[in-house]
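What follows is one structure encoded as structure tokens, with my remarks underneath.
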Protein chains: 2
Amino acid sequence: MLVKKPTINDVARAAQVSKRTVSRVLNGSASVGEETRKIIEKIIADLNYQPDKQARGLASSRSYFIGIIYDNPDALYIDQVQRGLLDVCSRQGYELVVHPCKYDSPSLVEDCLAFVGRSKLDGVIVLPPVSESKVLAAALREEGHPYVRMASLDLDDHTNIVVSDDRTGVRQMAAHLVGLGHRDIGFITGPMHYHSSTERFEGFCGALKDLGLPIPEGRIAHGKNNYQSGLECAHTLLAGEGRPTAIFANTDEMAAAVLKVAHELGIKVPEELSVCGFDDNILASRIIPALTTIRRPVTDMASLAAQKIISAIEDKEEKAIRVNYIVQPSLIIRESTSQWPGSE
Amino acid sequence: MLVKKPTINDVARAAQVSKRTVSRVLNGSASVGEETRKIIEKIIADLNYQPDKQARGLASSRSYFIGIIYDNPDALYIDQVQRGLLDVCSRQGYELVVHPCKYDSPSLVEDCLAFVGRSKLDGVIVLPPVSESKVLAAALREEGHPYVRMASLDLDDHTNIVVSDDRTGVRQMAAHLVGLGHRDIGFITGPMHYHSSTERFEGFCGALKDLGLPIPEGRIAHGKNNYQSGLECAHTLLAGEGRPTAIFANTDEMAAAVLKVAHELGIKVPEELSVCGFDDNILASRIIPALTTIRRPVTDMASLAAQKIISAIEDKEEKAIRVNYIVQPSLIIRESTSQWPGSE
DNA sequence: TTGTAAGCGTTATCAC
DNA sequence: GTGATAACGCTTACAA
């Protein structure tokens with residue numbers, strides 16, 4: 001093989017037109033004769049011609065690449081997002097370039113800017129928690145790079161963000177727990193400098209308060225969203241007398257840790273303790289007992305984000321704002337929560 | 001901001017040389033005067049000049065993008081591989097473009113070729129099970145696209161592959177189980193048209209046979225590597241009288257399913273049944289009881305694959321072959337396997 | 001509706 | 001060792 005790929009010139013020659021006209025067809029310009037267009041399209045198909053992205057990009061200063069920036073330990077989440085984005089992007093001729101990074105690094109902004117710059121990415125999707133960085137967003141905007149943030153909180157104008165309404169999600173969980181008769185509920189937070197953590201925490205506390213059940217200080221443990229910290233928090237919450245009858249963890253990872261510790265301590269879940277998490281990642285359904293949790297509509301968010309970024313790239317922000325920007329989590333009830341006092 | 005980025009021409013002008021000379025410096029050509037080089041390098045630094053990848057690519061027909069092709073349900077594995085690859089690639093100036101696909105699709109080859117072609121990827125890394133496709137590899141080679149396959153079996157020349165020695169891995173598991181006193185062991189296979197499945201299955205059976213313990217037909221269940229099929233296989237293996245004392249599943253996902261079914265059936269693990277898996281994915285350490293399994297050295301493989309592909313791209317296959325191509329899995333003993341008859 | 005010609009920012013060919 | 005100058009394959013003013 002290795003025959004040289006056809007260029008726009010080959011197409012033009014075969015169609016007996018100038019390459020300018022072929023270019024018009026390629027870009028869907030209106031001002032091409034019906035006849036001519038037909039002929040050119042046929043030849044393109046016959047030759048199996050594909051425009052060269054690099055040349056195209058060089059001329060139009062675009063790359064047809066979209067970046068995805070994240071620093072998230074939850075691989076499943078990343079994977080889902082990637083697939084969701086790709087679903088939309090590849091249909092529109094964009095490819096996805098990945099960029100894991102360190103949210104806490106002092107060079108985060110510089111690093112991300114370099115990433116976008118060196119490959120002339122047409123735009124970037126930023127995942128939580130990196131998406132919460134005000135400075136990064138400002139820098140991207142400043143440099144004129146289209147971006148869309150995925151977050152748990154409405155912290156940018158609706159052209160540039162897709163948010164999952166975590167606050168409403170945790171309210172459902174509060175209602176669920178209280179509905180089961182729980183009156184003494186513990187909470188394991190995420191890192192409190194993440195908006196997602198405070199949203200969930202405050203949303204949950206607020207809901208409980210509305211139901212007349214404030215969480216006492218002693219029932220709150222501060223975790224880091226990961227398994228290890230979940231283990232530690234579970235210990236502090238479950239050690240000693242008078243433990244809570246239910247624990248809500250900020251992530252499934254930490255909820256899994258609670259299950260583990262409860263198991264070690266001989267506390268039966270859900271009979272003696274209800275446990276629930278947030279995310280609905282793969283762990284949630286596999287673990288025993290299966291976890292009651294809140295599902296983040298990841299794929300929906302990704303799909304919206306992709307539409308937004310492409311609109312922003314192609315229509316200069318005109319259409320992007322029309323794409324919906326908010327999405328609702330949903331309560332998934334499984335085996336780890338039950339009636340209190342224990343129904344078994 | 002939005003000041004136009006400096007080009008090679010700006011550098012040339014400032015240095016009072018032709019752009020050809022700047023280009024030489026950029027590409028580390030030997031034939032540039034020591035003086036001249038110093039001057040140019042300083043100016044490059046001062047201007048914070050970065051060569052434009054697109055233009056570079058257009059001229060040299062390279063893209064500085066490496067693709068990664070996969071169809072794998074295990075998000076954690078994908079994520080680990082991506083990070084492993086990126087670790088090496090980004091240091092060398094390459095970006096990673098992702099491409100999930102359908103291994104069983106009739107258009108797999110066409111689809112992947114289009115992926116590589118339309119973005120002029122410099123090379124691709126192919127993950128299992130897609131990496132097992134002979135036709136895809138042949139097509140890639142035919143078209144002159146550098147590629148590296150990650151697999152469980154040595155099925156290409158060592159320039160183009162990185163393999164994990166699954167066969168040796170499962171042997172360790174066999175020894176472990178038999179060492180614990182198990183004599184009646186069940187096995188849940190993966191899809192038998194995957195080389196990885198047959199490698200593990202045959203490796204395990206072979207090891208058992210060597211120890212004088214052939215697996216009877218009735219102790220074998222054919223799964224699909226996913227949780228759902230694991231559930232089904234576990235049922236057939238554990239239903240009725242005279243169940244095996246240990247079950248080895250081809251993946252952790254399926255092993256998790258065995259745990260689930262055992263739990264439902266009231267069979268205690270590991271006291272009444274030992275269970276083990278393969279992969280050491282996140283599930284393995286989170287689940288209760290924590291899973292004894294075989295760890296695939298994913299990061300190592302990814303790192304080797306990255307080195308190989310870059311060598312192939314830059315040195316025209318000369319150095320790639322010198323990079324090691326085989327990597328050893330290791331046995332991770334946790335809580336799901338124990339002495340038989342039960343030691344508790 | 002269609003064509004001409006000038007870039008886009010590099011690398012590559014050949015002289016000098 | 002260095003420098004004109006021509007590619008690379010496309011888009012886009014500007015004409016026609």
Side-chain angles (χ1 to χ4, degrees), chain A residues 2-41 43-44 47-65 93 117-122 313-314 316, chain B residues 2-41 43-44 47-65 93 117-120 122 313-314:
Chain A
L2 280 183
V3 283
K4 260 183 57 181
K5 293 212 290 188
T7 76
I8 197 173
N9 291 307
D10 298 325
V11 177
R13 197 174 312 118
Q16 315 235 55
V17 297
S18 80
K19 68 198 220 183
R20 174 67 248 238
T21 304
V22 178
S23 174
R24 285 201 177 90
V25 173
L26 252 30
N27 295 287
S29 159
S31 46
V32 176
E34 189 60 24
E35 280 290 274
T36 332
R37 153 164 284 121
K38 281 252 164 67
I39 297 177
I40 295 180
E41 276 169 350
I43 295 192
I44 287 181
L47 260 47
N48 190 20
Y49 164 75
Q50 273 202 319
D52 181 322
K53 270 195 192 171
Q54 284 179 322
R56 221 177 184 190
L58 184 55
S60 61
S61 72
R62 290 189 35 197
S63 66
Y64 299 88
F65 281 108
R118 70 173 168 260
S119 297
K120 288 226 215 100
L121 301 181
D122 289 342
I313 294 167
E314 301 187 343
K316 301 293 171 204
Chain B
L2 281 182
V3 282
K4 261 183 56 180
K5 293 212 287 189
T7 75
I8 198 173
N9 290 307
D10 300 324
V11 177
R13 197 173 314 118
Q16 316 235 55
V17 296
S18 80
K19 68 202 229 180
R20 177 65 250 238
T21 304
V22 178
S23 174
R24 286 199 177 92
V25 172
L26 253 29
N27 296 286
S29 158
S31 47
V32 177
E34 189 60 24
E35 279 290 275
T36 333
R37 154 165 283 121
K38 280 252 163 65
I39 297 176
I40 294 180
E41 276 169 351
I43 295 191
I44 287 181
L47 261 47
N48 191 20
Y49 163 75
Q50 272 201 322
D52 181 319
K53 270 193 193 172
Q54 284 178 322
R56 221 177 186 188
L58 182 56
S60 61
S61 71
R62 289 190 34 197
S63 66
Y64 299 89
F65 282 107
R118 69 173 169 260
S119 296
K120 288 226 215 100
D122 289 343
I313 294 167
E314 300 187 343

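Below, read A as the first sequence line, B as the second, and so on, with proteins coming before strands; counting in each chain starts at 1.
Following rounding to the nearest Å, A:Ile8 (CD1) and D:dC10 (C1') show an atom-to-atom distance of 6 Å. B:Gln16 has its CD atom 12 Å from the P atom of D:dA4, to the nearest Å. Protein atom CD of B:Gln54 is 14 Å distant from nucleotide atom P of C:dT11, rounded to whole Å. A straight line from NZ of B:Lys38 to P of D:dT2 spans 13 Å, rounded to a whole angstrom. Look at CZ on B:Arg62: it is 10 Å from P on C:dT11, rounded to the nearest Å. One atom, OH of A:Tyr64, and another, C1' of D:dG9, lie 13 Å apart when rounded to the nearest Å. Atom CG of B:Asn9 and atom P of D:dA4 are 12 Å apart (whole Å). Here the P atom of nucleotide D:dT2 and the CD1 atom of B:Ile40 are 8 Å apart, to the nearest Å.
Each of D:dC8, D:dT11, D:dG3 was ranked by its minimum atom distance to the side chain of B:Val17; first place goes to D:dG3. Of the candidate nucleotides D:dT11, D:dT2, D:dC8, D:dT2 has the atom nearest to the side chain of B:Val32. The side chain of A:Tyr49 sits closest to D:dC10 out of C:dT2, D:dT2, D:dC10. Of the candidate nucleotides D:dC10, C:dT10, C:dG3, D:dC10 has the atom lying nearest to any side-chain atom of A:Arg56. Comparing D:dG9, D:dT11, C:dT4 against the side chain of A:Ser18 picks out C:dT4 as the nearest.
Screening B:Ile39, B:Thr36, B:Val11 for a side-chain contact (heavy atoms from CB on, under 4.5 Å) with B:Val17, the sole residue that qualifies is B:Thr36. When B:Lys120, B:Gln54, B:Lys53 are each tested for a side chain to side chain donor-acceptor pair (under 3.5 Å) with A:Gln54, only one passes: B:Lys120.
Rounding to the nearest 0.5 angstrom, the gap separating the CD atom in A:Glu314 from the CG atom in A:Asp122 is 9.0 Å.
Applying the side-chain contact (heavy atoms from CB on, under 4.5 Å) rule to A:Ala55 yields the partners A:Asp52, B:Leu58; only residues at least two apart in sequence or on another chain are considered. Listed by chain and number, the residues in a side-chain contact (heavy atoms from CB on, under 4.5 Å) with A:Glu41 are A:Val25, A:Arg37 (sequence neighbours excluded).
Remark on DNA chain D: of its neighbouring residues B:Arg37 and B:Ser60, the 5'-side contact belongs to B:Arg37, judged by nearest-heavy-atom nucleotide. Place B:Leu58 and B:Arg20 on DNA chain C by their nearest nucleotides, and B:Leu58 ends up nearer the 5' end.
Taking 4.0 angstrom as the limit, B:Ser23 places a side-chain polar atom (N or O) nearer than this to OP1 or OP2 of C:dT11.
Counting non-hydrogen atoms of other residues, nucleotides and ligands closer than 6.0 Å to CD of A:Gln16 gives a total of 12 or fewer.
Using a 4.0 Å heavy-atom criterion, one finds that B:Ser31 contacts the bases of the nucleic acid, with or without backbone contacts as well. Heavy atoms of B:Glu35 sit nowhere under 4.0 angstrom from any nucleic acid atom. Contact annotation for A:Thr36: backbone-only contact, meaning every heavy-atom pair under 4.0 Å involves sugar-phosphate atoms and none involves a base. Among the protein residues, A:Thr21 comes within range of the sugar-phosphate backbone only, with heavy atoms under 4.0 Å from sugar or phosphate atoms but none that close to a base.
Residue side chain B:Arg24 reaches the base of D:dT2 through a donor-acceptor N/O pair under 3.5 Å, judged by distance alone. Between the side chain of B:Lys53 and the base of C:dT10, no donor-acceptor pair under 3.5 Å is found.
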